[in-house]
Amino acid sequence: AVAALFPASLRPVASLRLGKSIGSPTEGKLIGGAHLREAPHLRILPSHAAGDVRWGVEPLVQAIDRAARAVRAKYPDSVASIGHLSRAGGGEIDRHRSHESGRDADIAFYVRSRNGKTLIPDALTQFRENGAAAHWKGAFFDDAKTWTFIQSLVSDPQARVTHIFIASHLRRRLL
């Protein structure tokens, strides 16, 4: 099972106001990227907070923020949990083959309790086919919030998502 909704690869639209991605997600760098900042609707996973690895091209950073806002607007108790993007200047990151050029992100799935209460993960969480978290008793994949996030992200007019990596059993749940 894939632990994160992403890495998602992004192909920026033509006009970038901030940030230039050079090379590929696996062999690249980032010049003048945008910084993803925490807000009431968005937080950095504690397991991914060290090293300030939350830089990306502006369309990616803003698309993540807008998607998290869209979920929060529909589900007021929601908070998106974000893992790694890229370093301020891009380049290699431990435990990743990509994340070098500011065009991909690790985004945690939304999580709920059995009765629907929002749960906030400390790290990326794996889920079984039945939606139960593999290593977090009482936690479940939140289909509705995760779908709202994905729908907002892929329909964002300022960014073009080219890939979303997700375990096939979770993909089936969402579709």
Side-chain angles (χ1 to χ4, degrees), residues 2-111 118 120-125 142 145-166:
V2 175
L5 175 60
F6 292 99
S9 292
L10 174 95
R11 196 168 101 207
V13 291
S15 62
L16 286 180
R17 291 179 300 166
L18 181 61
K20 185 172 184 177
S21 177
I22 298 174
S24 72
T26 59
E27 291 290 330
K29 62 183 177 178
L30 175 65
I31 298 172
H35 194 245
L36 183 67
R37 301 200 185 282
E38 291 188 312
H41 58 279
L42 187 146
R43 69 190 271 277
I44 304 304
L45 287 164
S47 61
H48 287 70
D52 191 21
V53 186
R54 50 184 196 245
W55 293 84
V57 291
E58 184 179 42
L60 174 63
V61 170
Q62 288 186 356
I64 291 169
D65 184 74
R66 284 190 293 270
R69 286 175 190 272
V71 177
R72 180 80 170 220
K74 192 169 182 178
Y75 305 98
D77 63 340
S78 298
V79 179
S81 297
I82 311 300
H84 289 150
L85 278 73
S86 293
R87 295 186 191 288
E92 289 190 25
I93 299 174
D94 288 342
R95 301 177 292 150
H96 290 289
R97 286 197 63 215
S98 64
H99 294 274
E100 291 192 16
S101 59
R103 296 193 310 252
D104 55 334
D106 290 332
I107 301 170
F109 298 119
Y110 284 86
V111 184
T118 295
I120 307 296
D122 287 333
L124 297 174
T125 305
D142 194 319
K145 291 175 186 171
T146 300
W147 176 251
T148 301
F149 189 93
I150 291 172
Q151 185 179 34
S152 176
L153 195 64
V154 300
S155 64
D156 191 292
Q158 302 301 312
R160 193 171 335 160
V161 175
T162 60
H163 295 83
I164 295 177
F165 299 97
I166 185 169

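Hydrogens, waters and symmetry mates play no part in the numbers below; they use all other heavy atoms, side chains included. The shown structure was predicted, so the numbers you read here are calculated from the model rather than taken from an experiment.
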Asker: Tell me, with the steps shown, if His163 and Asp104 meet side-chain contact (heavy atoms from CB on, under 4.5 Å).
Answerer: CA-CA 9 Å; His163 295 83; Asp104 55 334; over 6 Å; no
Asker: To the nearest 0.5 Å, how far apart are OG in Ser81 and OH in Tyr110?
Answerer: 7.5 Å
Asker: Kindly compute the distance separating CZ (Arg43) from CG (Leu36), expressed to the nearest 0.5 Å.
Answerer: 12.5 Å
Asker: Provide the closest heavy-atom pair for Ala68 versus Ala80 in the form atom of the first, atom of the second, distance.
Answerer: CB-CB, 3.6 Å
Asker: Looking only at heavy atoms, what is the nearest atom pair of Phe109 and Thr125, with distance?
Answerer: CD1-O, 3.8 Å
Asker: Any idea which heavy atoms bring Ala123 and Ser47 closest together, and the distance?
Answerer: CA-OG, 3.3 Å
Asker: Nearest 0.5 Å please: distance from the CD1 atom of Ile31 over to the CH2 atom of Trp55.
Answerer: 13.5 Å
Asker: In the structure I gave you, are the side-chain heavy atoms of Val61 and His35 within less than 4.5 Å of one another anywhere?
Answerer: no
Asker: Indicate yes or no for a side-chain donor-acceptor contact from Arg54 to the backbone of Leu85 under 3.5 Å, with no hydrogens or angles considered.
Answerer: no
Asker: With rounding to the nearest 0.5 Å, note down the distance linking CD1 in Ile82 to CD1 in Ile107.
Answerer: 4.5 Å
Asker: Rounded at 0.5 Å granularity, tell me how far OG1 in Thr162 sits from CD1 in Ile164.
Answerer: 9.0 Å
Asker: So do Asp142 and Val111 actually touch side chain to side chain, heavy atoms under 4.5 Å?
Answerer: no
Asker: If you look at every heavy atom in Pro59 and Ala159, which pair is closest and at what distance?
Answerer: O-CB, 3.7 Å
Asker: Quick one: does Asp77's side chain get under 4.5 Å of Lys145's, heavy atoms only?
Answerer: yes
Asker: Which heavy atom in Ser21 sits nearest to a heavy atom in Ser101, and how many Å separate them?
Answerer: OG-O, 2.7 Å
Asker: With a 3.5 Å distance limit and no angle check, can you tell me whether Gln158 reaches the backbone of Ala63 through a side-chain donor-acceptor pair?
Answerer: no
Asker: One pair to check against side-chain contact (heavy atoms from CB on, under 4.5 Å): Arg37 and Asp65. What are the steps and the verdict?
Answerer: CA-CA 9 Å; Arg37 301 200 185 282; Asp65 184 74; over 6 Å; no
Asker: Quick check on side-chain contact (heavy atoms from CB on, under 4.5 Å): which of Leu153, Val154, Thr148 does Ile150 satisfy it with?
Answerer: Val154
Asker: Would you call Asp106 and Leu45 a side-chain contact if the rule is heavy atoms closer than 4.5 Å?
Answerer: no
Asker: Say you draw a straight line from CZ of Arg103 to CD1 of Ile22; how long is it, rounded to the nearest 0.5 Å?
Answerer: 10.0 Å
